[in-house]
Amino acid sequence: MRRLRRKQPKTLFYAVGFQRGREMLGSWQKNWLEQQLKATQNQRWNLIGQQVMVAPLLQPDLREVVDPNGNSVFVKSHSREAYQKAIDASKYNLPLLLDAWDGYPEAREDFLQLLKRHHNNNIVLTGDIHTGICADLYLEDDEQPVALELITPAVTSPGLDDYFPTNPQQQAGKAFIQQNPHIHYIEGTLKGWLEVNLTQQQMRAQWNYVSTVKQPNYQVSQGYSITRQANEAV
């Protein structure tokens with residue numbers, strides 16, 4: 001999938017024009033996916049594992065939220081000046097990640113149309129962003145979600161709040177949720193894993209976190225959880 005879509009615009013300000021007509025999957029993968037969806041449309045649950053965040057992730061205005069002098073991973077990988085520019089640019093509420101499905105909105109609509117056409121109980125499993133996230137996925141003109149997206153936290157990699165540190169902690173995640181009402185949950189600091197349990201009647205997702213990733217001995221705590229009932233029409 002990444003071979004088809006690695007070229008990205010150099011700045012978010014060119015995002016809107018750059019997005020038009022871009023492919024995420026390509027014709028071969030899209031045809032394969034539709035064949036698999038048709039073959040499994042009588043199954044109770046449909047789980048799709050894929051690489052990058054599907055749900056829109058628009059930036060909130062971070063100027064009053066993020067600490068410009070904080071210990072940001074962004075500064076370590078770029079510079080303090082680049083970090084400040086990223087904070088200032090957030091006032092435009094542009095997508096955070098053009099390398100995810102936000103950079104391919106037409107392809108995302110096609111993908112969600114496939115899910116809606118062939119299945120009722122869709123769960124999309126995602127990684128990449130190193131942040132625990134739970135979000136409903138909507139077609140642009142629909143009021144009911146097509147799928148639920150579950151994003152696992154990182155094992156050790158920095159998450160959203162590591163890039164945009166705040167004081168007190170974890171305010172960046174709350175600001176992103178306010179800007180993106182389809183998102184139920186964001187945890188961008190803690191490390192751990194996502195556990196998903198399915199029965200004929202329901203799906204339950206549980207985010208689990210460890211107290212440290214620097215020692216072999218650690219404590220496990222439970223974070224957010226969500227339960228969805230199966231659509232009986234399947």
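From a predicted model like this one, the values you see are computed outputs, not experimental measurements. In what follows, residues are counted from 1 in the order of the sequence shown.
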Test item: L148 and D136 side chains (from C-beta on) under 4.5 Å apart, heavy atoms: yes
Least distance between heavy atoms, V124 atom then Q50 atom: CG1-NE2, 3.8 Å
Polar side-chain atom of T166 near backbone of Q171 as donor-acceptor pair, under 3.5 Å: yes
Nearest-0.5 Å distance that lies between atom CD in Q59 and atom CG in L97: 8.5 Å
Donor-acceptor contact below 3.5 Å, side chain R108 vs main chain G103: no
Reported CG-to-CG distance for the pair N122 and L112, which is rounded to 0.5 angstrom: 9.0 Å
Main-chain N/O of A154 paired to H130 side chain as donor or acceptor, under 3.5 Å: no
In one Ile/Leu/Val/Met/Phe/Trp/Tyr side-chain cluster, 4.5 Å: Y138, I186: no
Side-chain (N208) to main-chain (V220) donor-acceptor, under 3.5 angstrom: no
E34 and L114: CA distance, side-chain angles, deciding distance, side chain to side chain contact (heavy atoms under 4.5 Å, CB included) verdict: CA-CA 7 Å; E34 185 163 19; L114 282 179; 3.6 Å; yes
Test item: D67 side-chain N/O and N69 main-chain N/O as donor-acceptor pair under 3.5 Å: yes
Short side-chain donor-acceptor distance under 3.5 Å, Q202 and R204: no
CA sep, side-chain torsions, deciding dist, call: M203, V196, side chain to side chain contact (heavy atoms under 4.5 Å, CB included): CA-CA 7 Å; M203 181 284 309; V196 180; 4.0 Å; yes
Polar side-chain atom of H119 near backbone of R117 as donor-acceptor pair, under 3.5 Å: no
Sub-4.5 Å side-chain heavy-atom contact between L37 and I48: yes
Smallest separation among heavy atoms of L115 and A147, with atom names: CD1-CB, 4.1 Å
Residue pair D128 / D99, side-chain heavy-atom distance below 4.5 Å: no
Side-chain donor/acceptor of E195 to backbone N/O of A205, under 3.5 Å: no
Shared hydrophobic cluster for L150 and L198 (ILVMFWY, side-chain gaps under 4.5 Å): yes
Side-chain (E109) to main-chain (F111) donor-acceptor, under 3.5 angstrom: no
Cluster link V54 to L139, ILVMFWY, side chain under 4.5 Å: yes
Interatomic spacing from CE in M24 to CG in D110 - rounded to 0.5 Å: 12.0 Å
Flag side-chain contact, heavy atom, 4.5 Å: E187 against P153: no
D162 bridged to K191 by N-O distance under 4.0 Å: yes
Nearest heavy atoms of M53 and A100, plus distance in Å: O-CB, 3.5 Å
Test side chain to side chain contact (heavy atoms under 4.5 Å, CB included) applied to Y83 and Y163, step by step: CA-CA 9 Å; Y83 175 53; Y163 281 91; over 6 Å; no
Donor-acceptor contact present, side-chain N180 to main-chain F176, <3.5 Å: yes
Donor-acceptor side-chain pairing of N46 and N121 below 3.5 angstrom: no
Any T199 side-chain heavy atom under 4.5 Å of R44 side chain: no
Minimum heavy-atom distance P60-A175, with the two atoms named: CB-O, 3.5 Å
Closest non-hydrogen atom pair between L25 and L33, with its separation: CD1-CD2, 4.1 Å
Partner residues of D88 under the side-chain hydrogen bond (donor to acceptor under 3.5 Å, both in side chains) criterion, sequence neighbours left out: Q84
CD on Q35 to OG1 on T40, rounded to 0.5 Å: 12.0 Å
Evaluation steps, side chain to side chain contact (heavy atoms under 4.5 Å, CB included), between K116 and D142: CA-CA 11 Å; K116 182 179 180 180; D142 282 6; 2.7 Å; yes
L96 side, atom CG; D102 side, atom CG - distance, nearest 0.5 Å: 8.5 Å
Single-linkage hydrophobic cluster, 4.5 Å side-chain cutoff, L58 and V52 together: no
Of all pairs that satisfy ring pair (Phe, Tyr, Trp, His ring centres under 6.0 Å), the ones with a partner from residues 189-220, not counting sequence neighbours: Y185-W207, W207-Y224
Exam field: side chain S72 to backbone G70, donor-acceptor pair closer than 3.5 Å: no
Ion pair E81/K85, N-O distance below 4.0 Å: yes
Closest non-hydrogen atom pair, P68 against R80: O-NH1, 2.7 Å
Flag for W101-E149: side-chain donor and acceptor within less than 3.5 Å: no
Pairwise distance CG(D61) to NZ(K91) - rounded to 0.5 angstrom: 8.5 Å
